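Throughout, a chain's letter reflects where its sequence line sits, starting with A, and its residues are numbered from 1. Quantities reported herein were computed from a predicted structural model and do not represent experimental measurements.
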Amino acid sequence: MKRNINRSTTSRKKRKYEETALREKRDSLPVINFLEGLKIHVHVANFGAGRLKIFEKQIEKYGGELIRDLPISSGEITHIVFEESIDAEKLKKLVIPAHFPNAHFVRCTWLSLSVKNKTREHVVGHEIETGAEKLKGIDSKSTLVIAGCSKNVNSSNHTSLDVNAGNVQPCHCSIECSSGSTRSLQILPENNLEACDKSAHGEQVSHNLVNEGDRLLAPPSEEKCVTNSKLRNFKVKWESNESLTESNKTKYGGERLEPENHENLLKKSTPQGPLNKDKGSTNVKAFSKQLQSKFVCSQPSTSHSKGFNSHITKELEKLAAAYKSKNDTWRAVGYQKAISAIRNYSKEITSREEALGIRGVGARLADKVSEIIESGKLRKVAEVCEDDEAKTLQLFMGVWGAGPTTAKNWYIQGFRTLDDLQTKATLTRHQQIGLKHYSDINSRIPREEVAEIENYVREAALTIKEGLIVMVCGSYRRGKPTCGDVDVLITHPDGQSHTNLFKSVLKKLHENGFLTDDLVTQEDNGNQQKYLGVCKLPGAHKKHRRLDVIVVPYAEYAPATMYFTGSAHFNRSMRLLATKMGMSLSEHGLRAGVVRQGREKLTEGYLLDTPSEESIFAHLGLEYRSPQERDH
DNA sequence: CCCA
DNA sequence: AGTTGGT
DNA sequence: TGGGCAACAACT
Ligand SMILES: [Mg+2]
């Protein structure tokens, strides 16, 4: 069941929309070249793949010269941009500051702020103080600096590279030691190293094969040493070798960056890594757009639907609803995807082949479309609509607090009507309320009434504390003419007054009977985050309405607003995009540097600054979309 | 369900 | 831990 | 064959 839920709450991505790519090309022309004359390199370390691309793209967009591959030394480079968590100590493990006498070593906040203000910001406050003595550079051969390597001799008597660097493709190469001497060695699978002149078996010499600061020199050009996608996922493990104990050796030794997710998205357009810089590299812009174009969140929702095929989508919607009530959510998602594609199709579909050409419509759905075209309806739909079980499940799911599992159980117990539930079923407190207000809760709210409720809540809140921000999000903010419920977000600009606000606000709202039922509320918990309940405006003939309130700290205002505005589909799409970029998005914030193994998070990463919704879009490399454009 |  | 809910 | 439209809070 848990697996089903997880499966049911995730879903597919959308592939159509060649139009998206076209529009995006048009939009990407530079407006201001405030980076003109600057030669900027973005260092890969600790950046997620996508985030790196975004910064690189921005440099090009605003007239800067992007130095894609960092040479050993250069007097020409003006800026090297690092990820936020890189401090001076870490920086020195990545580059030799003295080899870039004219470069500013800045955190990417400098670039973010510059882009935000469309002006070249001063580096003060963003610069990483290296205290570098100025030296002249050597040559421009590309290298990979060994920033962390395990000295531990493993079972096969091999020194291994820092596993967090990703796997380096097995090859012959050489190491240039800090002392200046070089040594030939072989990289084996799993990053194990072996000296080419290795003599005896299991020699202790192996743990001195490489040291921090050594540089991995490019192998002969024939032999590809490090694939780009691996390099793009290069991470630095900062623990000193000395501190590696047996226990954390095991811990880190078992972990691998999983570049596969990125690879799938990267491989079509990724450049060669620094070790193969002569191969040239490609099209950062295309990459980023290609990544995004698969995500609904990159594309405005088309509000003006034509309705050429509403006779088709109407039928398919019924099936989608039926599958959803049967807990077959991924099938429902597949239907929903196709429905969305067909709805946006610009003319009436007249053949199976035409339907098959639409992204998201496969053979089976094309058959169904064909049947609708020819007969006007689907046997399958008729079957479902007559189906006692499906109809009953959908009826029961209308009870707030009852999902597919409960509905199914009730059905198995022989219940068929709401009255059966009222008189015979075991109901949770939620379900009792849900049943009591079944009709009202399942009816739409005109947006005018939503505005009334908003004002009622705002006035109540403002009697508790001045300066509170009270705004309605959800479908109301997306501009829909009717809403299923009212989603009120409350915060306070002072960053403090939101604490313990629920208790007093809810008490106030209860006073005159505005709140009629509480569903989810934790008023004993000072950390309460949400209230779900039922309210009714004063006056006759008013319906009971579902009211959701969240109270958030001001620091989370933007991500909370994003979440609460939705749509759900939009949120899920944007969150998936974030994961593909090595980030994580929730209502609490946007994190970067998140390391995952499959779907499991290994590293929390760190919070990015998200003062506005715009900043969240920007971090993800997306054009801003207004709430109305998020109605997917 | 669709798709790679 | 499983279910439901919010976007 | 398995991911896709996520990542949370709260109740039971
Ligand atoms: Mg709503």
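Between dA7(D) and dG3(D), the two P atoms lie 14 Å apart (nearest whole Å).
At a threshold of 4.0 angstrom between heavy atoms, the contacts of Arg591(A) with the nucleic acid are absent. As judged by a 4.0 angstrom heavy-atom cut-off over every strand, Ala402(A) is placed among residues touching the sugar-phosphate backbone only. The residue Asp548(A) sits close only to the backbone: its heavy atoms come under 4.0 Å of sugar-phosphate atoms, none of a base. Note on His588(A): only backbone sugar-phosphate atoms sit closer than 4.0 angstrom, heavy atoms only; bases stay farther off.
Contact annotation: Lys601(A) side-chain N/O to dC8(D) OP1/OP2 distance is under 4.0 Å. OP1 and OP2 of dA10(D) both lie 4.0 Å or more from every side-chain N or O belonging to Arg429(A). Taking side-chain N and O atoms only, Gln528(A) has no distance below 4.0 Å to OP1 or OP2 of dA10(D). Applying the 4.0 Å criterion to OP1 and OP2 of dG6(C), one finds that Arg546(A) has a side-chain N or O inside that range. In this structure, Thr405(A) does not reach the dG2(C) phosphate: none of its side-chain N or O atoms is under 4.0 Å from OP1 or OP2. An OP1 or OP2 oxygen of dA10(D) is reached within less than 4.0 angstrom by no side-chain nitrogen or oxygen of His430(A). The phosphate of dC11(D) (OP1 or OP2) has no side-chain N or O of Thr428(A) nearer than 4.0 angstrom. Phosphate contact (OP1/OP2 of dG3(D), side-chain N/O of Arg599(A), threshold under 4.0 Å): present.
Here dC8(D) presents its P atom at 16 Å from CE of Met574(A), a figure rounded to the nearest Å. When rounded to the nearest whole Å, the span between CG of Asn527(A) and P of dC11(D) equals 13 Å. When rounded to the nearest whole Å, the span between CG of Asn409(A) and P of dG2(C) equals 15 Å. As a whole-Å value, the separation of Phe564(A) CZ from dC8(D) P is 17 Å. Atom CG in Leu519(A) sits about 9 Å away from atom P in dG6(C), given to the nearest Å. Rounded to whole Å, the distance from CZ on Arg331(A) to P on dG3(D) is 17 Å. The CH2 atom of Trp400(A) sits 9 Å away from the C1' atom of dG6(C) (whole-angstrom rounding).
You'll find the ring centres of Phe308(A) and Tyr345(A) outside the 6.0 Å limit. Here His544(A) and His437(A) bring their ring centres to under 6.0 angstrom of each other. For an aromatic pair to be called close, the ring centres must be under 6.0 Å apart, and Tyr531(A) with Phe502(A) fails this.
In terms of modelled atom types and a separation under 3.5 Å, the side chain of Ser586(A) and the main chain of His588(A) share a donor-acceptor contact.
In terms of position on DNA chain D, the residue among Ser584(A) and Thr521(A) whose nearest nucleotide sits closer to the 5' end is Ser584(A).
Shown here, dG6(C) forms no base pair; nothing in the strands shown gives a Watson-Crick or G-U wobble contact with both key distances under 3.5 Å.
In this structure, Arg416(A) is positioned above the aromatic face of Tyr411(A), its NZ or CZ under 6.0 Å from the six-membered ring centre and within 45° of the axis.
Side-chain proximity of Ser586(A) to the nucleotides dA10(D), dC3(B), dA7(D) is greatest for dA7(D).
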